[in-house]
> 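A single structure is presented below for examination.
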Amino acid sequence: MNDAPIGIFDSGIGGLTVARAIYERLPSERTIYFGDTARVPYGPKSPETVRRYSREILDWLLGQGVKAVVVACNTSTAHALEALRAASPVPVLGVIEPGSRAAVAAAPRGSIGVIGTAGTIASDAYGRAIRSLRPDATVVQQPCPLLVPLVEEGWFEHPASRLVAEEYLGPMRAARVEALVLGCTHYPLLKPLLAEVMGPGVTLVDSAEETARALAEVLAESGLAAPGGGPGTHRFVVSDDQPRFLQVGSRFLGERLTEAELVAVG
Ligand code: DGL
């Protein structure tokens with residue numbers, strides 16, 4: 001048993017979809033969420049830059065005494081997970097392995113689509129993770145950079161979002177993928193729209209839920225789970241613009257966010 005908090009970090013607001021899944025699955029755990037709102041987006045940045053930012057945040061979280069770290073950002077996971085694991089004395093989980101496992105389970109023929117930021121798709125991190133589980137898998141990947149700002153605008157069902165999604169997902173539909181991995185923190189909020197655009201028979205894989213499940217396993221296996229006895233408390237920390245984090249973040253979290261601290265890293 002271990003009462004220390006879990007660190008969760010993202011390039012900004014989107015990782016709150018992962019935080020939400022963790023709160024639901026592990027209600028007794030305390031958490032510290034760090035959103036790098038000063039330096040978002042990570043999607044178009046170079047692997048080196050994303051690795052440096054991610055390392056700075058890891059160091060800050062470790063300084064807060066966390067017992068495990070969840071990299072909620074797909075782009076950060078794609079570029080930095082190995083480096084973070086090598087540098088961390090506590091377990092570090094990313095969102096790509098859990099999401100890939102769920103995708104393979106949902107695709108009997110091994111035909112899988114992946115959407116994400118430019119950085120995530122260029123890294124082929126999902127492709128490698130999926131093929132390591134199923135070498136004969138066909139992985140169709142598509143960067144969808146325009147979806148992030150549309151989600152932050154709250155345009156979950158807006159005709160503009162539908163048009164963009166139809167354009168991006170055309171190759172996925174043509175390839176008849178059986179599962180589509182939502183490989184970016186923001187996409188779970190577009191689930192109904194993306195499901196409609198993909199049509200029936202395609203399973204949408206939400207990395208957030210799978211990551212929360214993987215975290216529960218790691219905590220149980222390593223004896224790090226909270227003793228329980230009451231709901232965990234949640235601390236929110238950002239590197240810039242608390243008002244926008246509170247306003248937009250509430251949408252991602254599904255409940256009202258009232259407080260966020262400001263911390264400069266790097
Ligand atoms: N959090 C990022 C991800 O999941 C999306 C936003 C960004 O580009 O920073 O890849």
Side-chain angles (χ1 to χ4, degrees), residues 1-40 53-74 76-77 84 88-95 98 152 185-186 188-189 206-266:
M1 296 293 175
N2 188 319
D3 199 24
I6 295 163
I8 306 168
F9 83 83
D10 179 48
S11 55
I13 293 166
L16 290 170
T17 53
V18 179
R20 179 182 182 171
I22 291 171
Y23 303 162
E24 278 168 16
R25 186 162 282 269
L26 298 163
S28 303
E29 296 293 344
R30 293 199 291 134
T31 65
I32 304 176
Y33 179 93
F34 187 97
D36 197 5
T37 46
R39 304 188 289 195
V40 70
Y53 290 174
S54 304
R55 179 62 200 269
E56 288 165 0
I57 298 168
L58 172 74
D59 289 345
W60 185 81
L61 286 170
L62 290 173
Q64 304 299 304
V66 297
K67 63 182 175 186
V69 173
V70 176
V71 185
C73 178
N74 289 260
S76 237
T77 302
L84 298 180
S88 173
V90 303
V92 181
L93 279 87
V95 284
E152 295 214 352
T185 46
H186 288 58
L189 280 95
D206 181 344
S207 300
E209 287 165 17
E210 300 306 326
T211 302
R213 186 174 307 162
L215 174 64
E217 272 172 30
V218 167
L219 294 182
E221 280 165 11
S222 37
L224 288 174
T233 51
H234 306 303
R235 209 177 134 195
F236 300 94
V237 181
V238 293
S239 49
D240 196 15
D241 202 352
Q242 294 130 298
R244 182 171 148 77
F245 178 80
L246 295 177
Q247 189 211 335
V248 182
S250 301
R251 241 181 255 148
F252 283 77
L253 200 58
E255 61 187 75
R256 222 165 81 80
L257 262 171
T258 51
E259 229 181 309
E261 300 157 48
L262 192 66
V263 166
V265 291

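Positions are given from 1, in the same order as the sequence printed here.
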> Hey, can you pull the donor-acceptor pairs under 3.5 Å for the side chains in residues 210-217, sequence neighbours left out?
| from | atom 1 | to | atom 2 | distance (Å) |
| --- | --- | --- | --- | --- |
| Glu210 | OE1 | Arg213 | NH1 | 3.4 |
| Thr211 | OG1 | Ser207 | O | 2.7 |

> Side-chain contact test, heavy atoms from C-beta onward, threshold under 4.5 Å: evaluate it for Val238 versus Phe34 and give yes or no.
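No - every pair of side-chain heavy atoms lies 4.5 Å or more apart.
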> Restricting to side chain to side chain donor-acceptor pair (under 3.5 Å), what partner residues turn up for Ser239, sequence neighbours left out?
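Residues passing side chain to side chain donor-acceptor pair (under 3.5 Å) with Ser239: Asp36.
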> Distance check, rounded to the nearest 0.5 Å: Leu189 atom CG versus Arg251 atom CZ?
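Between atom CG of Leu189 and atom CZ of Arg251 there are 9.0 Å.
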> If you look only at distance, which donor and acceptor atoms sit under 3.5 Å apart when one is on a side chain in residues 56-64 and the other is two or more places apart or in another chain?
| from | atom 1 | to | atom 2 | distance (Å) |
| --- | --- | --- | --- | --- |
| Glu56 | OE1 | Arg39 | NH1 | 2.8 |
| Glu56 | OE1 | Arg39 | NH2 | 3.1 |
| Asp59 | OD1 | Arg55 | NE | 3.2 |
| Gln64 | OE1 | Arg235 | NH1 | 3.2 |

> What residues form a side chain to side chain donor-acceptor pair (under 3.5 Å) with Thr31, not counting sequence neighbours?
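If we apply the side chain to side chain donor-acceptor pair (under 3.5 Å) test to Thr31, skipping adjacent residues, the hits are His234.
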> Decide yes or no for Thr258 and Arg256: does some side-chain heavy atom of the first lie under 4.5 Å from some side-chain heavy atom of the second?
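The answer is yes; the side chains approach within 4.5 Å.
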> Evaluate the side-chain proximity of Val71 to Leu93: yes if any heavy-atom separation is below 4.5 Å, no if none is.
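Sidechains of Val71 and Leu93: no contact.
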> Return the set of residues passing side chain to side chain donor-acceptor pair (under 3.5 Å) with Gln247 (not counting sequence neighbours), or none when no residue passes.
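Counting only residues at least two positions away or on another chain, Gln247 forms no side chain to side chain donor-acceptor pair (under 3.5 Å).
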> Given Thr37, which partner from the list Asp240, Leu262, Val248 fulfils the side-chain contact (heavy atoms from CB on, under 4.5 Å) test?
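So the option named by the test is Asp240.
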> Name the atoms and distances for all side-chain donor-acceptor pairs under 3.5 Å in residues 4-23, with sequence neighbours left out.
| from | atom 1 | to | atom 2 | distance (Å) |
| --- | --- | --- | --- | --- |
| Asp10 | OD2 | Gly12 | N | 3.1 |
| Asp10 | OD2 | Gly14 | N | 3.2 |
| Asp10 | OD2 | Gly15 | N | 2.8 |
| Thr17 | OG1 | Gly14 | O | 2.9 |
| Thr17 | OG1 | Thr185 | O | 3.0 |
| Arg20 | NE | Leu253 | O | 3.4 |
| Arg20 | NH1 | Phe252 | O | 3.3 |

> How many angstroms lie between atom CD of Glu261 and atom CZ of Phe245, to the nearest 0.5 angstrom?
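Output value for this atom pair is 10.5 Å.
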> How would you list, by chain and number, every residue that makes a side chain to side chain donor-acceptor pair (under 3.5 Å) with Glu152, sequence neighbours excluded?
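Glu152: side chain to side chain donor-acceptor pair (under 3.5 Å) contacts with His186, Arg244.
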> Using the test side-chain contact (heavy atoms from CB on, under 4.5 Å), find all partners of Leu224 that sit at least two apart in sequence or belong to another chain.
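Leu224 satisfies side-chain contact (heavy atoms from CB on, under 4.5 Å) with Asn2, Lys67, Pro91, Leu219, Ser222 once adjacent residues are dropped.
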> Counting N and O atoms only, with roles assigned by atom type, does the side chain of Ser28 sit under 3.5 Å from a partner on the main chain of Gly232, one being a donor and the other an acceptor?
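The answer is no, because no donor-acceptor pair under 3.5 Å joins these two groups.
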> List the residues meeting salt bridge (charged side-chain N to carboxylate O under 4.0 Å, His left out) with Asp241, not counting sequence neighbours, and say none if there are none.
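If we apply the salt bridge (charged side-chain N to carboxylate O under 4.0 Å, His left out) test to Asp241, skipping adjacent residues, there are no hits.
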